[in-house]
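Notes follow the structure.
Only a predicted model underlies this, so the values are computations on that prediction, with no experimental measurement involved. Proteins get letters first, then strands, A, B, ... in listed order; numbering begins at 1 in each.
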There are 2 protein chains.
Amino acid sequence: MADSLQQENIQPDDEEHGLNRNRILDAGAAYIENYGLRQLTMRKLGAELGVEAMALYRYVPSRDDLMDGIVERVINDLFQDPEVPGDAANGWQDYLIRLAHGLRRLALTHPQVFPLIATRPPEAPWIRPPLRSLRWTDSFLAALTSSGFSDKPAVAAYRGFSSFLLGHLLLEVASHGADIGPEESADPSKPRSATDLTAFPHIHRMQAQLSEDRSAEEFEESLEVLIERIGLLAES
Amino acid sequence: MADSLQQENIQPDDEEHGLNRNRILDAGAAYIENYGLRQLTMRKLGAELGVEAMALYRYVPSRDDLMDGIVERVINDLFQDPEVPGDAANGWQDYLIRLAHGLRRLALTHPQVFPLIATRPPEAPWIRPPLRSLRWTDSFLAALTSSGFSDKPAVAAYRGFSSFLLGHLLLEVASHGADIGPEESADPSKPRSATDLTAFPHIHRMQAQLSEDRSAEEFEESLEVLIERIGLLAES
DNA sequence: CGCCTTTAGTTTACAGTGTAAACCGCCCGG
DNA sequence: CCGGGCGGTTTACACTGTAAACTAAAGGCG
């Protein structure tokens, strides 16, 4: 019974009110972002879409595939990002920088989904999170080789690049209050208990610096260093 | 006689046939390593220990705490590692190198547990996986400052170090067949389906290089570069 | 010794999970 | 008109985490 009062849809992606794989995937991503990964349940997601849990199974073979679909879909958003070029027309440095920033943007937009991107088992051993799709991997390698890299250094660059991104972004996202954990977001009953740091004098002393968020600058600097290092790889 | 002797053992670590928090934690880590994270269930773990599921709750408040306990316990194995020094007596470079190798050893010994180490929500925002304990963080900062680093560069080094380790080790462990996924380990019914790579010519061409496992060398090289970079940070 | 409290583990119970299988109403092409 | 399939629901089941009640053995202490 569809009463005229429609609950506000967070992401009116596709127009039809019927179900649809992409609608499910998007709703799943949104749900994770709002309530955390642990809360994502077939029944709850169904309810979110105004449908019974089993209805989802017509479009998604299992919960695990649902999650894989979600990460795939989120990753493919990168192709929509106008700041991320499809090839290295402006040089490989430009390509890498823009790709890295695109991924960082993506991670910060989906802080709860990102750990999923990072740790879901890859379908092939050579696609490395967070790049995570044959399409992107190929695009990356194409960009480098088209810029004069030969195969071996291109692969080396691919490895260094993904490793750097994974480490940095996972940590940035985790520090940004991305409780992978279960529940509470707005429960002020936990005053964080201010753990007793007397046993850890260095942490205690540097607490200010440790709490400071320098992720953005660190990202830029490390990325710069990485690119420089990749540049050295070019001739070999 | 045997019953009259009292076990005033200060360290009742294990050995007794009775239950015990550390026994549970170790069994949990072993179980994850053997059957995968998804299979770790209170009942199954109980069965493994010859006990009913609910018995575990006397030593562990919940499944989530069980997992936190497991990662904590695994991480603390590092303190037992004779190759990893407790301080920077032989210089901070030596300390960092040995610590990094210790962590890599740990990751490779517990490939299934490591993703857990990497992604469990940290108890404080400044402890960064995979170092992951106040004790280790403080030890790290102590080592650096005792070697003449002042606070800011020490923290910067801490960040770069953890970020590098997390990225590299997570990827190395993932590529090493660490299916975070659910089930099968010895099911040969999946012939890997040899995905059609004609649409991805670069991947297809570089497949050999991509499949090559150069983790160890990359680890050494990147670590070296990182340390060099940290050295530059020292004066500031 | 008898009794009582504590400890260590079990039993029972329940709400919630993923998903297989059967079911049902509706639209549509013949 | 009719039958078939498409899209969704109902029912069912094995399994999960965990609260609560229970039981049996082990000290402690008069």
Quiz item: Whole-Å distance between C:dG18 P and A:E52 CD?
Solution: 13 Å
Exercise. Test for a donor-acceptor pair under 3.5 Å between the base of C:dG16 and the side chain of A:R43, counting only N and O atoms.
Key: no
Practice problem: Give A:R63 one of three labels, base, sugar-phosphate or nothing, depending on what nucleic acid heavy atoms sit under 4.0 Å from its own. | Solution: sugar-phosphate
Self-check item: Check: B:H202 ring centroid to A:F140 ring centroid under 6.0 Å
Solution: no
Quiz prompt | Working for salt bridge (Lys or Arg N to Asp or Glu O under 4.0 Å), residues A:E83 and A:R105 | solution = CA-CA 11 Å; A:E83 303 287 328; A:R105 238 173 284 131; 5.2 Å; no
Quiz item: Can you tell me if B:D65 uses its side chain to pair, donor with acceptor, with the backbone of B:V60 under 3.5 Å?
Solution: no
Quiz prompt | C:dT10 OP1/OP2 closer than 4.0 Å to side-chain N/O of B:Y57 | solution = no
Practice problem: Specify the residue among B:S62 and B:R58 whose closest nucleotide of DNA chain D lies further upstream toward the 5′ end. | Solution: B:S62
Practice problem: Looking only at side-chain atoms of B:M54, point me to the closest of C:dT19, C:dT11, D:dG8. | Solution: C:dT11
Quiz item: Rounded to the Å, how far apart are B:Y59 OH and D:dT18 C1'?
Solution: 17 Å
Practice problem: Using atom CD1 of B:I24 as one end and atom P of D:dG17 as the other, report the distance to the nearest whole Å. | Solution: 14 Å
Quiz item: Nearest nucleotide by nearest heavy atom, which residue falls closer to the 5' end of DNA chain C, A:K44 or B:V51?
Solution: B:V51
Quiz item: Is there a side-chain polar atom (N or O) of B:T41 under 4.0 Å from OP1 or OP2 of D:dG17?
Solution: yes
Quiz item: Would you find a donor on one side and an acceptor on the other, under 3.5 Å apart, between the side chain of B:S162 and the backbone of B:R159?
Solution: yes
